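What follows is a single structure, written as structure tokens, with notes after it.
Each chain gets a letter, A, B and so on, in the order the sequences are listed, and its residues count up from 1. Computed from a predicted structure; not experimentally measured.
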Amino acid sequence: MEPPRDEADLSRRLGRLAGHRLSTIAATHGFEVPVDLRRSKGWVGTLLERALGATAASRAEPDFPQLGIELKTIPVDPRGRPLQSCFVSSLDLGAVDRRWETSPVRKKLARVAWVAVEASPHIPLGERRLGAALLWSPSPREHETLRCDYEDIVELIGEGFKVTAHRGTWLQLRPKGRNAAALRWSIDEEGAPARTAPRAFYLRRSFTAALLEENFTLRT
DNA sequence: CCGTGATCATAT
DNA sequence: ATATGATCACGG
């Protein structure tokens, strides 16, 4: 499948997928539907990438580099509220770049195609449906808060301090690795090399919850 | 081996 | 019920 030619093209493709079951989309693209997601955690995201013509490369760039658009599936309950936080991008603990402007976080969040997916555990995976997509960019206020979160966290890391997921209004930093044994080199408070679990930025569930509410809730 | 796609599992 | 920290499959 060719990558979408422009944003309108991507939007059209998303519109065609909205309301369809995952089993239908999977069949179209030769994906086998797993029994559950325990051992296939990224299956829904990978399926959507394929269905939309994204390049399945693991890169710190948006999924559609030429469009500058990141694709994110967002698992929702029957009321349309997110069930999970959302991975944004990894942080290189060995060479911390503190500049927001050039950060993968800013690049990825500059424009996002959010796609809600039914995710209540009682719905068999193949029967879960896609919702309408939301093509979104952060408002000036959102952008500012994201930037502050990022700079705060990255500065602390750069100074060698430990940062837990408690920090940050909307962005947080959490472990992300193969398992607890997977370690990376980092720099400690004394400036000495240290071993640390790999970390990545996530968007809090409260953030995506507000996002969906603002954009999909009927207001008077 | 590592980063991206994420969700799982447990403590609170 | 929710958040944090842990974990799994895959592509490159």
Review point. Any side-chain N or O of A/Lys41 under 4.0 Å from OP1/OP2 of C/dA6?
Key: no
Review point. Okay, side chain of A/Glu70, backbone of A/Lys108: is any donor-acceptor separation there less than 3.5 Å?
Key: no
Review point. Can you tell me how far P of B/dT7 sits from CG of A/Leu125, to the nearest Å?
Key: 10 Å
Check your understanding: Looking only at side-chain N and O atoms, does A/Arg174 come under 4.0 Å of OP1 or OP2 in C/dA3?
Key -> no
Check your understanding: What is the nucleic acid contact for A/Gly45, judged by heavy atoms within less than 4.0 Å: base, sugar-phosphate only, or nothing?
Key -> sugar-phosphate
Review point. Looking at A/Arg204, does any N or O in its side chain come under 4.0 Å of the phosphate oxygens OP1/OP2 on C/dT4?
Key: yes
Exercise for review: Take atom CZ of A/Arg106 as the centre, draw a 6.0 Å sphere, and report whether it contains more than 12 heavy atoms from other residues, nucleotides or ligands.
Suggested key: yes
Check your understanding: When the nearest nucleotide of DNA chain C is assigned to A/Thr164 and to A/Gly42 on a heavy-atom basis, which residue is associated with the more 5' position?
Key -> A/Thr164
Review point. Any donor-acceptor pair under 3.5 Å between the side chain of A/Tyr202 and the base of B/dA6?
Key: yes
Review point. Are OP1 or OP2 of B/dG3 and a side-chain N or O of A/Arg59 less than 4.0 angstrom apart?
Key: no
Revision key, fill the gap. Separation of B/dA6 atom P from A/Phe31 atom CZ, nearest Å, is 12 Å
**Study point:** Most 5' of A/Glu61 and A/Arg38 on DNA chain B, judged by nearest nucleotide
**Key:** A/Glu61
Practice item. Rounded to the nearest angstrom, tell me the gap between atom CZ in A/Arg167 and atom C1' in C/dG5. Key: 18 Å
Review point. Could you state the CZ-P distance from A/Arg205 to B/dT7, rounded to the nearest angstrom?
Key: 12 Å
**Study point:** No-H, no-angle donor-acceptor pair, A/Lys176 side chain to B/dG5 base, under 3.5 Å
**Key:** yes
Point to revise | Cluster overlap A/Leu212 with A/Val88, hydrophobic side-chain contacts below 4.5 Å | key: yes
Study note, to complete from the structure: note: A/Asn179, atom CG; C/dT7, atom P; distance rounded to Å ~ 6 Å
Review point. Within the structure shown, what part of the strands sits under 4.0 Å from A/Arg39 by heavy-atom distance: base, sugar-phosphate, or nothing?
Key: sugar-phosphate
Check your understanding: In terms of the nearest nucleotide of DNA chain C, which residue is placed more toward the 5' end: A/Ser206 or A/Gly177?
Key -> A/Ser206
Check your understanding: To the nearest Å, how far apart are A/Phe87 CZ and C/dC8 P?
Key -> 18 Å
Check your understanding: Within this structure, what is the CG-to-C1' distance between A/Leu183 and B/dC1, rounded to whole angstrom?
Key -> 14 Å
Practice item. Pick base, sugar-phosphate or nothing for A/Pro75, based on heavy-atom distances below 4.0 Å to the nucleic acid. Key: sugar-phosphate
Review point. What does A/Thr73 touch in the nucleic acid at a heavy-atom separation under 4.0 angstrom: a base, only the sugar-phosphate, or nothing?
Key: sugar-phosphate
**Study point:** Spacing between A/Arg199 atom CZ and C/dT4 atom P, to the nearest angstrom
**Key:** 13 Å
Check your understanding: Above 12 or not: heavy atoms from other molecules or residues under 6.0 Å from CZ of A/Arg50?
Key -> no
Point to revise | Atom CZ of A/Arg38 with >12 non-hydrogen neighbours under 6.0 angstrom | key: no
Check your understanding: Quick one: side chain to side chain donor-acceptor pair (under 3.5 Å) pairs with a partner in residues 192-211 of chain A, sequence neighbours left out?
Key -> A/Ser186-A/Thr196
Review point. Counting any heavy atom closer than 4.0 Å, what does A/Ala60 reach on the DNA or RNA strands: base, sugar-phosphate only, or nothing?
Key: sugar-phosphate
Check your understanding: Does A/Gln172 place a side-chain N or O at less than 4.0 Å from the phosphate oxygens OP1/OP2 of C/dA3?
Key -> no
